[in-house]
Amino acid sequence: MERISGMLNQFGDKASVLLGMSDVMISWVDVIEILIISFLIYHVLLWVKNTRAWNLFKGIVIILLFILVAAIFQMTTILWLAENLLNVGLIALVIIFQPELRKALENLGTKNFFGRLFSVAKADSSKFSDRTIEELIRASYAMGKVKTGALIVVEDEINLGEYVRTGIDVDALLSSQLLINIFEKNTPLHDGAVIVRGDRVVSATCYLPLSDSLNLSKDLGTRHRAAVGVSEVSDSLTIVVSEETGKVSVAMRGQIYHDIDADFLREKLQYLQNRNHEATGLEIIKRRIRNGKEVSKNSNQ
(Lines give C-alpha, C1' and ligand atoms only; values in the text may rest on other atoms or scores of the structure.)
Protein backbone atom coordinates (compact mmCIF):
# COMPACT_ATOMS: atom_id res chain seq x y z
CA MET A 1 0.00 0.00 0.00
CA GLU A 2 2.82 2.37 0.84
CA ARG A 3 5.22 1.10 -1.85
CA ILE A 4 4.22 3.59 -4.56
CA SER A 5 4.26 6.50 -2.13
CA GLY A 6 7.66 5.40 -0.83
CA MET A 7 9.11 5.13 -4.33
CA LEU A 8 7.95 8.65 -5.16
CA ASN A 9 9.49 10.00 -1.94
CA GLN A 10 12.79 8.24 -2.65
CA PHE A 11 12.81 9.66 -6.16
CA GLY A 12 12.25 13.15 -4.78
CA ASP A 13 15.08 12.73 -2.27
CA LYS A 14 17.49 11.56 -4.94
CA ALA A 15 16.50 14.41 -7.25
CA SER A 16 17.12 16.92 -4.47
CA VAL A 17 20.55 15.48 -3.80
CA LEU A 18 21.51 15.51 -7.46
CA LEU A 19 20.33 19.08 -7.95
CA GLY A 20 22.33 20.17 -4.94
CA MET A 21 25.57 18.65 -6.23
CA SER A 22 27.43 21.30 -8.19
CA ASP A 23 30.66 19.33 -8.60
CA VAL A 24 29.20 16.31 -10.41
CA MET A 25 31.49 15.11 -13.21
CA ILE A 26 29.77 14.00 -16.41
CA SER A 27 31.86 11.75 -18.61
CA TRP A 28 31.51 11.12 -22.36
CA VAL A 29 29.96 7.73 -21.54
CA ASP A 30 27.16 9.50 -19.66
CA VAL A 31 26.56 11.77 -22.64
CA ILE A 32 26.36 8.79 -25.03
CA GLU A 33 24.02 7.00 -22.63
CA ILE A 34 21.71 10.03 -22.48
CA LEU A 35 21.68 10.29 -26.29
CA ILE A 36 20.86 6.59 -26.70
CA ILE A 37 18.03 6.74 -24.18
CA SER A 38 16.66 9.92 -25.78
CA PHE A 39 16.85 8.30 -29.21
CA LEU A 40 14.99 5.19 -28.04
CA ILE A 41 12.30 7.20 -26.22
CA TYR A 42 11.79 9.36 -29.32
CA HIS A 43 11.24 6.36 -31.60
CA VAL A 44 8.96 4.64 -29.08
CA LEU A 45 6.82 7.78 -28.89
CA LEU A 46 6.87 8.07 -32.68
CA TRP A 47 5.70 4.45 -32.98
CA VAL A 48 2.92 5.10 -30.47
CA LYS A 49 1.90 8.28 -32.31
CA ASN A 50 1.53 6.52 -35.66
CA THR A 51 -0.61 3.66 -34.37
CA ARG A 52 -3.89 3.16 -32.57
CA ALA A 53 -1.83 3.07 -29.37
CA TRP A 54 -1.72 6.89 -29.24
CA ASN A 55 -5.22 7.30 -27.78
CA LEU A 56 -4.63 4.39 -25.40
CA PHE A 57 -1.32 5.90 -24.35
CA LYS A 58 -3.01 9.20 -23.46
CA GLY A 59 -5.51 7.30 -21.32
CA ILE A 60 -2.66 5.60 -19.46
CA VAL A 61 -1.02 8.99 -18.82
CA ILE A 62 -4.27 10.27 -17.29
CA ILE A 63 -4.42 7.24 -14.98
CA LEU A 64 -0.80 7.79 -13.92
CA LEU A 65 -1.58 11.42 -13.12
CA PHE A 66 -4.44 10.29 -10.86
CA ILE A 67 -2.05 7.91 -9.06
CA LEU A 68 0.48 10.74 -8.68
CA VAL A 69 -2.16 12.98 -7.10
CA ALA A 70 -3.20 10.11 -4.82
CA ALA A 71 0.43 9.64 -3.72
CA ILE A 72 0.89 13.35 -3.00
CA PHE A 73 -2.24 13.53 -0.84
CA GLN A 74 -1.71 10.06 0.70
CA MET A 75 -4.97 8.55 -0.60
CA THR A 76 -4.23 5.09 0.72
CA THR A 77 -7.21 3.30 -0.81
CA ILE A 78 -6.40 4.46 -4.35
CA LEU A 79 -2.71 3.59 -3.86
CA TRP A 80 -3.66 0.12 -2.59
CA LEU A 81 -5.86 -0.46 -5.65
CA ALA A 82 -3.14 0.82 -7.99
CA GLU A 83 -0.51 -1.43 -6.45
CA ASN A 84 -2.68 -4.55 -6.62
CA LEU A 85 -3.82 -3.85 -10.19
CA LEU A 86 -0.32 -3.11 -11.46
CA ASN A 87 0.53 -6.67 -12.54
CA VAL A 88 -2.88 -7.18 -14.12
CA GLY A 89 -2.50 -3.84 -15.90
CA LEU A 90 0.83 -4.82 -17.43
CA ILE A 91 -0.66 -8.04 -18.81
CA ALA A 92 -3.67 -6.11 -20.14
CA LEU A 93 -1.35 -3.66 -21.93
CA VAL A 94 0.41 -6.51 -23.71
CA ILE A 95 -2.96 -7.89 -24.83
CA ILE A 96 -4.30 -4.50 -25.95
CA PHE A 97 -1.15 -3.55 -27.85
CA GLN A 98 -0.60 -7.03 -29.28
CA PRO A 99 -1.11 -6.09 -32.99
CA GLU A 100 1.13 -3.03 -32.70
CA LEU A 101 3.82 -4.89 -30.74
CA ARG A 102 3.84 -7.70 -33.28
CA LYS A 103 4.21 -5.22 -36.14
CA ALA A 104 7.06 -3.45 -34.33
CA LEU A 105 8.90 -6.74 -33.77
CA GLU A 106 8.41 -7.67 -37.42
CA ASN A 107 10.00 -4.36 -38.41
CA LEU A 108 13.03 -5.22 -36.28
CA GLY A 109 13.68 -8.17 -38.56
CA THR A 110 13.50 -6.26 -41.82
CA LYS A 111 16.72 -5.63 -43.71
CA ASN A 112 16.22 -1.89 -44.06
CA PHE A 113 15.37 -1.30 -40.40
CA PHE A 114 18.60 0.52 -39.55
CA GLY A 115 18.29 2.68 -42.64
CA ARG A 116 14.88 3.84 -41.45
CA LEU A 117 16.08 4.08 -37.87
CA PHE A 118 18.63 6.77 -38.60
CA SER A 119 16.45 8.69 -41.02
CA VAL A 120 14.26 11.55 -39.92
CA ALA A 121 10.87 9.91 -39.48
CA LYS A 122 7.84 12.06 -40.15
CA ALA A 123 4.22 11.05 -40.43
CA ASP A 124 2.63 11.71 -43.81
CA SER A 125 0.32 14.58 -42.99
CA SER A 126 -0.08 15.96 -46.52
CA LYS A 127 -3.58 16.94 -47.52
CA PHE A 128 -5.17 15.93 -50.80
CA SER A 129 -5.43 18.33 -53.72
CA ASP A 130 -8.45 19.88 -55.47
CA ARG A 131 -7.88 17.45 -58.32
CA THR A 132 -8.29 14.51 -55.93
CA ILE A 133 -11.58 15.98 -54.68
CA GLU A 134 -12.96 16.21 -58.21
CA GLU A 135 -11.76 12.69 -59.06
CA LEU A 136 -13.48 11.30 -55.96
CA ILE A 137 -16.74 13.05 -56.85
CA ARG A 138 -16.56 11.96 -60.48
CA ALA A 139 -15.92 8.33 -59.54
CA SER A 140 -18.62 8.23 -56.86
CA TYR A 141 -21.44 9.46 -59.09
CA ALA A 142 -20.24 7.49 -62.10
CA MET A 143 -20.45 4.30 -60.02
CA GLY A 144 -23.80 5.44 -58.61
CA LYS A 145 -25.31 5.68 -62.11
CA VAL A 146 -24.56 2.02 -62.81
CA LYS A 147 -25.22 0.90 -59.19
CA THR A 148 -21.68 -0.23 -58.47
CA GLY A 149 -21.15 -0.49 -54.72
CA ALA A 150 -18.13 1.36 -53.30
CA LEU A 151 -16.56 2.21 -49.95
CA ILE A 152 -13.84 4.90 -49.99
CA VAL A 153 -12.14 6.07 -46.78
CA VAL A 154 -10.24 9.38 -46.90
CA GLU A 155 -7.68 9.50 -44.09
CA ASP A 156 -7.09 12.68 -42.09
CA GLU A 157 -4.90 13.17 -38.98
CA ILE A 158 -5.46 9.79 -37.30
CA ASN A 159 -3.38 7.14 -39.02
CA LEU A 160 -5.37 4.20 -40.41
CA GLY A 161 -2.39 1.88 -40.71
CA GLU A 162 -4.07 -0.98 -38.85
CA TYR A 163 -6.85 -1.05 -41.47
CA VAL A 164 -4.45 -0.53 -44.37
CA ARG A 165 -2.65 -3.71 -43.32
CA THR A 166 -5.86 -5.75 -43.68
CA GLY A 167 -6.02 -5.00 -47.40
CA ILE A 168 -3.85 -5.25 -50.50
CA ASP A 169 -1.26 -2.55 -51.19
CA VAL A 170 -2.01 -0.36 -54.20
CA ASP A 171 0.03 2.83 -53.70
CA ALA A 172 -1.17 4.56 -56.86
CA LEU A 173 -2.14 8.12 -57.76
CA LEU A 174 -5.86 8.49 -57.24
CA SER A 175 -8.04 8.85 -60.34
CA SER A 176 -11.69 8.22 -61.09
CA GLN A 177 -10.77 5.50 -63.60
CA LEU A 178 -8.70 3.68 -60.97
CA LEU A 179 -11.52 3.73 -58.40
CA ILE A 180 -14.09 2.58 -60.95
CA ASN A 181 -11.86 -0.31 -61.99
CA ILE A 182 -11.21 -1.33 -58.38
CA PHE A 183 -14.92 -1.51 -57.50
CA GLU A 184 -16.00 -3.12 -60.76
CA LYS A 185 -18.04 -6.23 -59.96
CA ASN A 186 -16.29 -9.60 -60.03
CA THR A 187 -12.81 -8.05 -59.93
CA PRO A 188 -10.28 -9.20 -57.29
CA LEU A 189 -10.23 -5.86 -55.43
CA HIS A 190 -13.89 -4.86 -55.46
CA ASP A 191 -14.79 -6.38 -52.07
CA GLY A 192 -13.94 -4.23 -49.05
CA ALA A 193 -12.86 -0.61 -48.63
CA VAL A 194 -10.31 1.57 -50.38
CA ILE A 195 -8.19 3.83 -48.17
CA VAL A 196 -6.98 7.16 -49.56
CA ARG A 197 -4.03 8.99 -48.02
CA GLY A 198 -3.23 12.36 -49.52
CA ASP A 199 -3.51 12.06 -53.31
CA ARG A 200 -2.89 8.31 -53.41
CA VAL A 201 -4.86 5.11 -53.03
CA VAL A 202 -2.74 3.21 -50.51
CA SER A 203 -4.76 0.00 -50.08
CA ALA A 204 -7.86 -1.86 -51.31
CA THR A 205 -10.07 -4.67 -49.97
CA CYS A 206 -9.60 -3.33 -46.43
CA TYR A 207 -11.75 -4.49 -43.52
CA LEU A 208 -13.35 -1.80 -41.36
CA PRO A 209 -15.02 -1.96 -37.91
CA LEU A 210 -18.82 -2.06 -37.94
CA SER A 211 -20.75 0.53 -35.95
CA ASP A 212 -22.88 -0.49 -32.96
CA SER A 213 -24.95 2.70 -33.11
CA LEU A 214 -28.69 2.11 -32.70
CA ASN A 215 -29.48 5.33 -34.54
CA LEU A 216 -28.67 3.69 -37.85
CA SER A 217 -31.57 2.44 -39.92
CA LYS A 218 -32.06 -1.32 -40.04
CA ASP A 219 -32.23 -1.00 -43.82
CA LEU A 220 -28.57 -0.02 -44.04
CA GLY A 221 -26.17 -2.71 -45.14
CA THR A 222 -22.66 -3.64 -44.12
CA ARG A 223 -21.02 -0.91 -46.22
CA HIS A 224 -22.87 1.88 -44.45
CA ARG A 225 -22.26 0.41 -40.99
CA ALA A 226 -18.58 0.04 -41.79
CA ALA A 227 -18.46 3.67 -42.97
CA VAL A 228 -19.97 4.89 -39.70
CA GLY A 229 -17.79 2.48 -37.71
CA VAL A 230 -14.49 3.82 -39.04
CA SER A 231 -15.72 7.40 -38.55
CA GLU A 232 -16.36 6.59 -34.87
CA VAL A 233 -12.77 5.51 -34.24
CA SER A 234 -11.02 8.09 -36.43
CA ASP A 235 -11.41 11.55 -37.98
CA SER A 236 -11.68 10.17 -41.52
CA LEU A 237 -14.35 10.81 -44.13
CA THR A 238 -15.94 7.82 -45.86
CA ILE A 239 -17.85 7.83 -49.15
CA VAL A 240 -20.40 5.07 -49.67
CA VAL A 241 -22.07 4.19 -52.97
CA SER A 242 -25.09 1.92 -52.53
CA GLU A 243 -25.16 -1.15 -54.76
CA GLU A 244 -28.96 -1.40 -54.43
CA THR A 245 -29.98 2.22 -55.08
CA GLY A 246 -26.89 3.87 -56.52
CA LYS A 247 -27.21 6.73 -54.01
CA VAL A 248 -24.11 8.33 -52.53
CA SER A 249 -23.68 8.80 -48.78
CA VAL A 250 -20.89 10.21 -46.64
CA ALA A 251 -19.92 9.38 -43.03
CA MET A 252 -18.05 11.71 -40.67
CA ARG A 253 -17.73 11.95 -36.88
CA GLY A 254 -20.06 9.01 -36.30
CA GLN A 255 -22.81 10.50 -38.49
CA ILE A 256 -23.96 9.46 -41.95
CA TYR A 257 -25.57 11.72 -44.56
CA HIS A 258 -27.72 9.90 -47.12
CA ASP A 259 -28.47 10.61 -50.76
CA ILE A 260 -26.19 13.62 -51.05
CA ASP A 261 -25.43 15.62 -54.19
CA ALA A 262 -22.03 16.49 -55.64
CA ASP A 263 -21.95 19.95 -54.05
CA PHE A 264 -22.54 18.56 -50.55
CA LEU A 265 -19.79 15.96 -51.02
CA ARG A 266 -17.41 18.61 -52.36
CA GLU A 267 -18.13 20.80 -49.32
CA LYS A 268 -17.30 17.98 -46.89
CA LEU A 269 -14.12 17.06 -48.75
CA GLN A 270 -12.98 20.69 -48.81
CA TYR A 271 -13.65 20.96 -45.09
CA LEU A 272 -11.42 17.92 -44.50
CA GLN A 273 -8.81 19.34 -46.87
CA ASN A 274 -8.60 22.67 -45.07
CA ARG A 275 -8.74 21.31 -41.52
CA ASN A 276 -5.15 21.34 -40.31
CA HIS A 277 -5.46 21.00 -36.52
CA GLU A 278 -4.38 17.80 -34.84
CA ALA A 279 -7.30 15.59 -33.95
CA THR A 280 -7.77 14.45 -30.37
CA GLY A 281 -9.48 11.41 -28.90
CA LEU A 282 -12.16 13.47 -27.11
CA GLU A 283 -14.73 13.18 -29.90
CA ILE A 284 -14.11 9.44 -30.20
CA ILE A 285 -14.75 9.00 -26.47
CA LYS A 286 -17.95 11.05 -26.73
CA ARG A 287 -19.21 8.91 -29.62
CA ARG A 288 -18.52 5.68 -27.74
CA ILE A 289 -20.24 7.02 -24.61
CA ARG A 290 -23.24 8.12 -26.67
CA ASN A 291 -23.54 4.72 -28.35
CA GLY A 292 -23.19 2.99 -24.98
CA LYS A 293 -26.03 5.07 -23.57
CA GLU A 294 -28.16 4.16 -26.59
CA VAL A 295 -27.52 0.45 -26.06
CA SER A 296 -28.30 0.74 -22.33
CA LYS A 297 -31.47 2.75 -22.95
CA ASN A 298 -32.84 0.33 -25.52
CA SER A 299 -31.98 -2.72 -23.42
CA ASN A 300 -34.00 -1.31 -20.51
CA GLN A 301 -37.08 -0.71 -22.64
*Please report the C-alpha distance between D130 and I133 in whole Å, then the side-chain angles of each, then the deciding distance to 0.1 Å, and finally whether the side chain to side chain contact (heavy atoms under 4.5 Å, CB included) criterion is met.*
CA-CA 5 Å; D130 292 337; I133 291 178; 4.3 Å; yes

*Given V196 and V194, is the side chain to side chain contact (heavy atoms under 4.5 Å, CB included) satisfied, shown in steps?*
CA-CA 7 Å; V196 176; V194 158; 4.2 Å; yes

_Assess the residue pair I180 and T148 against the criterion (side chain to side chain contact (heavy atoms under 4.5 Å, CB included)); give the C-alpha distance rounded to whole Å, side-chain angles, the decisive distance to 0.1 Å, and a yes or no._
CA-CA 8 Å; I180 292 171; T148 298; over 6 Å; no

*For N159 and R197, what are the C-alpha separation, side-chain angles and deciding distance, and is it a side chain to side chain contact (heavy atoms under 4.5 Å, CB included)?*
CA-CA 9 Å; N159 189 282; R197 179 178 295 157; 3.9 Å; yes

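Annotation: ring pair (Phe, Tyr, Trp, His ring centres under 6.0 Å) contacts involving residues 210-259, sequence neighbours excluded, comprise Y257-F264.
Distance alone, capped at 3.5 Å, places no donor-acceptor pair between the D259 side chain and the K247 backbone. The backbone N or O of S27 sits less than 3.5 Å from a side-chain atom of D30, completing a donor-acceptor pair. A donor-acceptor contact shorter than 3.5 Å is absent between the side chain of R225 and the backbone of L210. Side-chain atoms of R131 come within 3.5 Å of backbone atoms of L174 as a donor-acceptor pair (strictly under, hydrogens ignored). The main-chain N or O of E184 is found under 3.5 Å from a side-chain atom of T187 such that the two form a donor-acceptor pair. For the pair K185 (side chain) and H190 (backbone), a donor-acceptor distance under 3.5 Å is absent. Side chain of D199 to backbone of S129: a donor-acceptor contact under 3.5 angstrom is found. Panel note: side chain T205, backbone D191; no donor-acceptor pair is recorded below 3.5 Å.
For E134, the salt bridge (charged side-chain N to carboxylate O under 4.0 Å, His left out) partners are R266, not counting sequence neighbours.
For the pair P209 and V233, the minimum side-chain heavy-atom distance is below 4.5 Å. Contact of the F73 side chain with the V69 side chain is registered, since non-hydrogen atoms from C-beta on lie closer than 4.5 Å. Looking at D156 and L237, their side chains never come closer than 4.5 Å, going by heavy atoms from C-beta outward. Two residues are said to be in side-chain contact when any heavy atoms from C-beta on lie closer than 4.5 Å; L179 and L136 meet this criterion.
Of all non-hydrogen atoms in C206 and G167, the two that sit nearest each other are SG-CA, 3.9 Å. Across all non-hydrogen atoms, the minimal contact from V228 to S211 is CG1-OG, 3.6 Å. Contact detail for Y141 and L265: the closest heavy-atom pair is CE1-CD2, 4.1 Å. Of all heavy-atom pairs between T132 and G198, the closest is CG2-O, 4.2 Å. A227 and V240 make their closest contact through CB-CG2, 3.3 Å (heavy atoms, listed as atom of the first residue, atom of the second, distance). Nearest heavy atoms, S203 versus D169: OG-N, 4.2 Å.
Summarising the geometry, atom CE belonging to M252 is positioned 9.0 Å from atom OG belonging to S231; distances are rounded to the nearest 0.5 Å. Between the CG atom of L151 and the CD atom of E243 there is a distance of 12.0 Å, given to the nearest 0.5 Å. Separating the CH2 atom in W28 from the CD atom in E33 is a distance of 11.5 Å, to the nearest 0.5 Å. Atom CD of E244 and atom CG of L220 lie 10.5 Å apart (nearest 0.5 Å). In this structure, the separation between CD1 on I195 and OG1 on T166 is 6.5 Å, given to the nearest 0.5 Å. Rounded to the nearest 0.5 Å, atoms CD1 (I78) and CD1 (I67) are 9.0 Å apart.
Cluster membership check: I63 shares its hydrophobic cluster with L79, using side-chain heavy-atom separations under 4.5 Å among Ile, Leu, Val, Met, Phe, Trp and Tyr. Put simply, Y207 and L189 are part of two different groups of oily side chains (I, L, V, M, F, W, Y) that touch within less than 4.5 Å, one to the next. At a threshold of 4.5 Å between side-chain heavy atoms, the hydrophobic network of Ile, Leu, Val, Met, Phe, Trp and Tyr places V248 and V146 in two separate groups. In the hydrophobic clustering of ILVMFWY residues, with side-chain heavy atoms under 4.5 Å counting as a link, I34 and I32 come out apart. Cluster annotation: V201 and I168 are assigned to the same hydrophobic cluster (Ile/Leu/Val/Met/Phe/Trp/Tyr, side-chain heavy-atom contacts under 4.5 Å, transitive).
Under a 4.5 Å side-chain heavy-atom criterion applied to ILVMFWY residues, the cluster that includes F66 comprises I62 as well.
Among V154, L160, L272, the one residue that satisfies the side-chain contact (heavy atoms from CB on, under 4.5 Å) test with S236 is L160. Each of S140, S176, S175 was evaluated against E135; a single residue qualifies, S176, per the side chain to side chain donor-acceptor pair (under 3.5 Å) test.
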